[in-house]
K.L.:
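The structure follows.
Computed from a predicted model, the values in this text were never measured in an experiment. In this chain, numbering begins with 1 at the start of the sequence shown.
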Amino acid sequence: MCLCLGPAKSGKTLLMKRLHGDEIDETTNTVATNGTNLFAIKHEDETGRGREIIVRELGGSMAPIWKHYFDGVREIIYVVDASNLCQISAAGVLLYSLLVEPLLGAARIALVLSKMDLSYRQMRNEALLMLHFARLQREIEQSITVLEVSGMTGQGVEKLREWLFASSRPPRPLKS
């Protein structure tokens, strides 16, 4: 199982809808997730075989009970709104709490800097500095991949899809 986590209003739902293949345009809006959403993400590999991974998105307001969903998790998509400097510090605290969870010790993590279409180019560096990312990489066991993504424009979504399907475990084959 893969979880999509992050603070409230970080862009998780829009990103998951884009990854799922939903049509997104400037009129698309989402509401804050107060529970969970399941998304079946489909991908065709280089041999033309279709595969599917289920991603469970948990609302940011559910952070105190995220730990109840950690059993069996092998990947985490952790979404941070890179255009909101005020949110990045809070996002870092939540991220650190995930990294010390024993059930997530072997999990691969995609740190998704979302809403990159709303921020300026230097924002990536500032976000990583605020998260103390260089130090974090030295001190943790998990593998973290940083991706810049925009759920609105679709920038970076294919890289996230590639990351998701690059895991060592075989995803479920698509039903014919």
Side-chain angles (χ1 to χ4, degrees), residues 1-46 48-84 87 91 94-95 97-98 101 103-104 106-118 142-176:
M1 170 70 69
C2 177
L3 292 181
C4 180
L5 306 172
K9 299 190 183 291
S10 58
K12 297 178 300 295
T13 302
L14 188 63
L15 176 61
M16 288 297 102
K17 286 183 175 196
R18 173 71 78 168
L19 196 58
H20 180 255
D22 293 0
E23 286 294 320
I24 307 290
D25 63 22
E26 58 277 345
T27 63
T28 303
N29 62 10
T30 60
V31 295
T33 303
N34 290 318
T36 69
N37 289 319
L38 291 176
F39 293 91
I41 310 301
K42 298 175 182 170
H43 178 67
E44 202 171 281
D45 64 17
E46 58 279 352
R49 234 182 27 229
R51 299 171 11 181
E52 179 179 85
I53 291 179
I54 304 297
V55 178
R56 179 185 301 266
E57 175 207 355
L58 300 177
S61 62
M62 294 178 58
I65 62 169
W66 283 351
K67 62 186 172 196
H68 298 293
Y69 293 87
F70 292 165
D71 192 33
V73 170
R74 299 186 62 163
E75 291 94 14
I76 293 177
I77 299 170
Y78 189 78
V79 182
V80 177
D81 178 354
S83 72
N84 184 347
Q87 185 192 77
L94 287 174
L95 176 61
S97 70
L98 295 175
E101 280 291 332
L103 288 173
L104 300 177
R108 290 183 327 127
I109 299 171
L111 175 58
V112 174
L113 302 177
S114 73
K115 302 184 184 181
M116 290 302 290
D117 54 317
L118 301 178
Q142 294 96 329
S143 167
I144 298 181
T145 302
V146 178
L147 299 167
E148 298 176 29
V149 180
S150 168
M152 183 57 72
T153 67
Q155 168 199 343
V157 170
E158 281 311 308
K159 287 184 180 177
L160 178 57
R161 183 183 310 278
E162 289 169 13
W163 175 88
L164 187 58
F165 284 90
S167 70
S168 58
R169 68 160 169 83
R172 299 181 341 177
L174 286 176
K175 297 173 188 150
S176 301

K.L.:
Measure the shortest side-chain to side-chain distance between W163 and E75 over non-hydrogen atoms and say whether it is less than 4.5 angstrom.
P.N.:
yes

K.L.:
Please round to the nearest 0.5 Å and tell me the distance separating atom CZ of R74 and atom CD1 of I53.
P.N.:
10.0 Å

K.L.:
Checking the side chain of S114 only, and the main-chain atoms of S150 only, is there a donor and an acceptor separated by less than 3.5 Å?
P.N.:
no

K.L.:
Just verifying a value: how many Å separate I109 CD1 and C2 SG, rounded to the nearest 0.5 Å?
P.N.:
10.5 Å

K.L.:
Find the distance between CE (M152) and NZ (K115) and round it off to the nearest 0.5 Å.
P.N.:
9.5 Å

K.L.:
Measure the CZ-CE distance between R56 and M1 for me, rounded to the nearest 0.5 Å.
P.N.:
4.5 Å

K.L.:
Would you indicate whether the side-chain heavy atoms of L95 and V80 approach each other to under 4.5 Å?
P.N.:
no

K.L.:
Can R161 and E158 be counted as an ion pair, charged N to O under 4.0 angstrom?
P.N.:
yes

K.L.:
For the CG atom of L160 and the CG atom of L19, what is their distance to the nearest 0.5 Å?
P.N.:
5.0 Å

K.L.:
Start with the C-alpha distance between L5 and I76, add both sets of side-chain angles, then the distance that settles side-chain contact (heavy atoms from CB on, under 4.5 Å), and finish with yes or no.
P.N.:
CA-CA 7 Å; L5 306 172; I76 293 177; 4.1 Å; yes

K.L.:
Under the side-chain contact (heavy atoms from CB on, under 4.5 Å) criterion, do E57 and T13 qualify, and how do the steps go?
P.N.:
CA-CA 7 Å; E57 175 207 355; T13 302; 2.6 Å; yes

K.L.:
Between V73 and A107, which heavy-atom pair has the shortest distance, and what is it?
P.N.:
O-CB, 4.3 Å

K.L.:
With no hydrogens and no angle check, is any side-chain donor or acceptor of R18 less than 3.5 Å from a backbone partner on V157?
P.N.:
no

K.L.:
When you compare the side chain of D81 with that of P7, does any pair of heavy atoms fall below 4.5 Å?
P.N.:
no

K.L.:
Minimum heavy-atom separation for A82 and L113, please, with both atom names.
P.N.:
CB-CB, 4.0 Å

K.L.:
For a 4.5 angstrom cut-off between non-hydrogen side-chain atoms, does T36 reach M62?
P.N.:
yes

K.L.:
Roughly how far apart are E162 CD and L147 CG, rounded to 0.5 Å?
P.N.:
9.5 Å

K.L.:
Just by distance, do the side chain of R108 and the backbone of T145 share a donor-acceptor pair under 3.5 Å?
P.N.:
no

K.L.:
For side-chain contact (heavy atoms from CB on, under 4.5 Å), just list the numbers for K12 and N37, CA-CA rounded to whole Å, side-chain angles, deciding distance to a tenth of an Å, and then say yes or no.
P.N.:
CA-CA 10 Å; K12 297 178 300 295; N37 289 319; over 6 Å; no

K.L.:
Are the side chains of V55 and L164 in touch, meaning some heavy atoms are under 4.5 Å apart?
P.N.:
yes

K.L.:
Measure from the side-chain N and O atoms of Q87 to the backbone N and O of A8, and report whether any donor-acceptor pair falls under 3.5 Å.
P.N.:
yes

K.L.:
Apply side-chain contact (heavy atoms from CB on, under 4.5 Å) to residues W66 and L94 and explain how you reach the verdict.
P.N.:
CA-CA 10 Å; W66 283 351; L94 287 174; 4.0 Å; yes

K.L.:
Between Y78 (side chain only) and I144 (backbone N and O only), is there a donor and an acceptor less than 3.5 Å apart?
P.N.:
no

